[in-house]
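Here the structure is laid out as structure tokens; the discussion comes afterwards.
Position 1 is the first residue of the sequence; numbering continues from there.
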Amino acid sequence: TKENGTQELVLTERAEWQFNDRELGFIDTFTTRSSRGNKVACMMVRPVKNPTFTILFSHGNAVDLGQMSSFYVGLGTRLSCNIFSYDYSGYGCSSGRPSERNIYADIEAAWN
């Protein structure tokens with residue numbers, strides 16, 4: 001609360017990392033290209049030694065891979081699986097513009 005009685009909300013761009021350096025080692029990041037020529041940022045999270053499967057995770061709106069990474073480590077640990085995710089064209093570190101055609105190409109690039 002400020003001296004004049006109003007309140008102020010301060011937002012930072014820094015995401016908080018909830019895990020330790022060992023768990024950071026579970027995460028690999030790289031880029032691939034979609035059939036439409038866009039660079040697609042990808043993240044593979046391998047939190048367990050003998051995973052039973054890998055989930056291709058298309059995250060929701062208003063987040064990117066960096067913001068989702070802590071969630072992916074926790075989810076993969078609880079389900080004993082790997083998590084593979086990507087940022088859509090025009091978001092995060094992916095190039096291009098957001099469009100329905102680009103999203104389909106992004107998913108295909110991630111799948112392959």
Looking only at heavy atoms, the pair that brings Arg33 and Lys39 closest together is NH1-N, 3.4 Å

Should Met43 and Ile55 be regarded as members of a common hydrophobic cluster, given that ILVMFWY residues are connected when their side-chain heavy atoms come within less than 4.5 Å of each other, either directly or indirectly?
-> yes

Spell out, as yes or no, whether a donor-acceptor pair under 3.5 Å connects the side chain of Asn112 to the backbone of Glu108.
-> yes

What is the distance from atom OG of Ser99 to atom CZ of Arg36, rounded to the nearest 0.5 Å?
-> 5.5 Å

Note: Pro98 and Gly90 closest approach over all heavy atoms is CD-CA, 4.0 Å

Partner set under side-chain contact (heavy atoms from CB on, under 4.5 Å) for Tyr88, not counting sequence neighbours = Ser58, His59, Tyr86, Tyr91, Ile103, Asp106

Nearest atoms (heavy-atom pairs only) where Ser94 meets Val40 | OG-CA, 3.5 Å

When you look at Thr29 and Leu65, which way does the side-chain contact (heavy atoms from CB on, under 4.5 Å) test go after all the steps?
-> CA-CA 9 Å; Thr29 58; Leu65 290 176; 5.8 Å; no

Between CD1 of Ile27 and OG of Ser70, what distance do you get to the nearest 0.5 Å?
-> 7.0 Å

Cluster question for you: counting only ILVMFWY and a side-chain heavy-atom cut-off of under 4.5 Å, with indirect links fine, are Phe26 and Phe30 together?
-> no

Between the CZ atom in Arg101 and the OG atom in Ser89, the distance rounded to the nearest 0.5 Å is 12.0 Å

Where the side chain of Asp87 meets the backbone of Asp64, is there a donor-acceptor pair that is under 3.5 Å apart?
-> no

Could you check if a side-chain atom of Cys93 sits within less than 4.5 angstrom of a side-chain atom of Thr31, using non-hydrogen atoms only?
-> no

Going only through I, L, V, M, F, W and Y residues with side-chain contacts under 4.5 Å, is there a path from Tyr72 to Val48?
-> no

Is Val45 reachable from Phe71 through a run of hydrophobic residues whose side-chain heavy atoms are each under 4.5 Å from the next?
-> yes

Are a donor atom and an acceptor atom from the side chains of Glu100 and Tyr104 found within less than 3.5 Å of each other?
-> yes

Can you give each donor-acceptor pair under 3.5 Å made by side-chain atoms of residues 76-84, sequence neighbours left out, with the distance rounded to 0.1 Å?
from  : atom 1 : to    : atom 2 : distance (Å)
Thr77 : OG1    : Val73 : O      : 2.7
Arg78 : NH1    : Gly74 : O      : 3.3
Asn82 : ND2    : Thr54 : OG1    : 3.4

Hydrophobic cluster membership, Val63 vs Leu75, 4.5 Å side-chain cutoff = yes

